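Because the structure is a prediction, the values reported are computed rather than measured.
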Amino acid sequence: MPRSAARPGTRFVRRLVHLYAGLVLYGFSCALMVRAGLGLAPWDVLHQGVSRHTGVSIGVVSIVVGALVLPLWWPLRQRPGLGAVSNVLLVGSVMDAGLWLVPAPHGLALRVPLLAAGVVLNGLATGLYISASFGPGPRDGLMTGLHLRTGRSIRLVRSVIEVGVLVAGVALGGSFGVGTVLYALAIGPLAQLFLRACALPAPVAAGTPRAAGPSGGPPDGPGRAEPREAGQAAGAAGGILPR
């Protein structure tokens, strides 16, 4: 079967694999960034700050914050999907497991590669998660809901939210540093790169005839994106990430 087409049942299973592989990688990549100790993504700066003041693990804080954000979707007419619910339960749990597995490194010679690995794996996780098409995570669902209700751009709404949580996190003692800046600069291009690599074939029902492309070949050859994948790519460029 061509890469550009897949039976609905097979594609659904692959979507589930992408969803949960992406969430596991996302939580583990966040743990690597915490262990690097050079700065975290904005929401994790907040999670770490709350963790330091409450004594609760950063993963549990992430779960609680995600669960508290979900009810804010309702007045914005957003409906949580499997992606959002799974995100709340899984990312924080895997983050705590990753922190238990990975010891704290000593010296920049170990911390810098750990940070780089965390950011790259986070980009891969984002590509897997978005390609699964199960909806945004709780924090980005809030962002997209506000975008739709206010008419403001996704970039503006995301910036306002993330600057707010970053300032709150720093005030609480969360880790802001070069890792925060690196993440902000790198995650968009990395997500776009991995989204292309992780794109799933379009669903085609069994027995459905497929029209030939302009040159007589398959209509969805290399370099031609399906409408769903094109929309996902636009979403990644606009800043929609798993969180």
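Considering CG of L23 and CZ of F134, their distance stands at 10.5 Å, rounded to 0.5 Å. With rounding to the nearest 0.5 Å, the separation of CG in L38 from OH in Y183 is 16.0 Å. Atom CZ of residue R149 and atom OG1 of residue T144 lie 12.5 Å apart, to the nearest 0.5 angstrom. Atom CZ of R155 is separated from atom NE2 of H147 by 11.5 Å, given to the nearest 0.5 angstrom. With rounding to the nearest 0.5 angstrom, the OG1 atom of T180 is 11.0 Å from the CD atom of E162. One finds the CG atom of L32 at 9.5 Å from the CG atom of L115 (value rounded to the nearest 0.5 Å).
Counting only distance, with no hydrogens or angles, the side chain of T150 and the backbone of L146 share a donor-acceptor pair below 3.5 Å. No donor-acceptor pair closer than 3.5 Å links the side chain of R52 to the backbone N or O of L172. Side chain of Y129 to backbone of G83: a donor-acceptor contact under 3.5 angstrom is found. One N or O on the side chain of D96 and one on the backbone of G59 form a donor-acceptor pair closer than 3.5 Å. Side chain of R139 to backbone of W43: no donor-acceptor contact under 3.5 angstrom is found. The backbone N or O of I58 lies less than 3.5 Å from no partner atom in the side chain of S62, so there is not a single donor-acceptor pair. Judged by distance alone, with hydrogens and angles left aside, the side-chain atoms of R111 form no donor-acceptor pair with the main-chain N or O of H106 at under 3.5 Å.
A 4.5 Å side-chain heavy-atom check between V65 and V61 finds at least one atom pair inside the cut-off.
Neither side chain, T126 nor Y26, offers a donor N or O lying under 3.5 Å from an acceptor on the other.
At a threshold of 4.5 Å between side-chain heavy atoms, the hydrophobic network of Ile, Leu, Val, Met, Phe, Trp and Tyr places V56 and V88 in one connected group.
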